[in-house]
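Below you'll find the structure, written out as structure tokens, and then a few comments.
Throughout, residue positions are numbered sequentially from 1 according to the sequence presented.
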Amino acid sequence: MMMRRVAPPASEDDSSGSGVPGWLEALLGTRFFLACAAHPGSPRNECNMFCIDCRATPAAFCYYCRSHRHAAHRVIQQIRRSSYHDVVRVTEVEDVLDIAGVQTYVINSARVLFLNERPQPRGAGAAAGKAAASPYNCEICGRALLDPFRFCSLGCKLVDTKTHGHGHGATVVGNVDGGSEAETETEAGGSKNGARPQGRRRKGTPHRAPFGS
């Protein structure tokens with residue numbers, strides 16, 4: 001994934017060898033929204049937080065774990081859900097990753113990114129027809145996009161980085177900030193903010209995901 005070249009702190013681990021910080025791959029592979037085993041009887045024990053600075057086990061943790069174990073760390077304060085898929089607010093990652101080229105959505109007035117690829121609707125039906133008619137598609141998985149972005153998720157951009165060597169070093173700068181308002185599983189609209197800038201050519205022609213005849 002293309003990231004601003006900033007000298008990482010001593011704790012930063014570039015485990016991929018391609019300029020991608022190890023915590024990013026851990027984030028994309030983490031299962032969120034389980035009840036915290038350490039605080040089973042607490043009211044805010046849903047594991048929807050992730051620490052950038054350490055390799056805590058489990059990787060997802062709750063509000064109380066943050067206070068006890070991650071008080072001085074940079075923490076993504078709230079992974080959310082939309083259509084049963086994990087999303088993160090743009091404001092929580094834009095200072096630590098270059099998210100240019102990834103489709104954004106507005107959910108409950110907050111701009112978000114999907115963490116991982118989502119299955120593309122296929123066959124008959126309104127969703128499949130809308131996807132087939134879209135002029136924009138993810139360059140990795142072919143998912144229909146709302147705007148002229150290159151990727152549908154952080155995961156697809158990571159695949160592109162590791163495949164084509166577009167990474168330019170890890171970015172771990174500033175603080176990761178976020179809120180705690182409730183989220184609903186709806187998504188509405190997109191934006192060209194963060195879309196591929198004019199004059200920058202794609203590496204190849206994107207192909208649409210196969211749809212049934």
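Listed for the Asp147 side chain is no donor-acceptor partner under 3.5 Å among the backbone atoms of Phe149. The closest donor-acceptor contact from the side chain of Arg89 to the backbone of Glu92 lies at 3.5 Å or more, if one exists at all. Looking only at distances, a side-chain donor or acceptor of Lys157 sits under 3.5 Å from a matching main-chain atom of Ala100. Of the possible donor and acceptor atoms, none in the side chain of Glu94 sits under 3.5 Å from a partner among the backbone N and O of Ile99.
For the pair Arg150 and Asp160, the minimum side-chain heavy-atom distance is below 4.5 Å. Counting heavy atoms from C-beta on, the side chains of Leu145 and Asn137 never come closer than 4.5 Å. No side-chain heavy atom of Val75 sits under 4.5 Å from any side-chain heavy atom of Ile52. Between Phe151 and Leu158 there is no side-chain heavy-atom pair separated by less than 4.5 Å. Contact check for Thr104 versus Val90: side-chain heavy atoms found under the 4.5 Å cut-off. With contacts defined as side-chain heavy-atom distances shorter than 4.5 Å, the pair Arg81/Asp86 qualifies. Proximity of Tyr63 to Asn45: side-chain heavy atoms (C-beta onward) are nowhere separated by under 4.5 Å.
Shown here for Leu146 and Tyr105, the closest heavy-atom pair between the two residues is CD1-CE2, 3.6 Å.
Residues meeting the side-chain contact (heavy atoms from CB on, under 4.5 Å) test with Ala59, sequence neighbours left out: Thr30, Phe50. With sequence neighbours excluded, the residues forming a side-chain contact (heavy atoms from CB on, under 4.5 Å) with Thr163 are Val159, listed by chain and number. For Asn116, the side-chain contact (heavy atoms from CB on, under 4.5 Å) partners at least two apart in sequence or on another chain are Leu28.
Below 30°, between 30° and 60°, or above 60°: for Phe114 and His85 the angle between ring planes is above 60°, a perpendicular geometry.
Electrostatic pairing of Lys162 and Glu25 counts as a salt bridge here, judged by a charged N lying under 4.0 Å from a carboxylate O.
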(message) As a quick check of understanding, evaluate side-chain hydrogen bond (donor to acceptor under 3.5 Å, both in side chains) for Gln77 and Arg66, giving each step before the final call.
(response) CA-CA 9 Å; Gln77 298 189 45; Arg66 182 196 176 193; 3.1 Å; yes
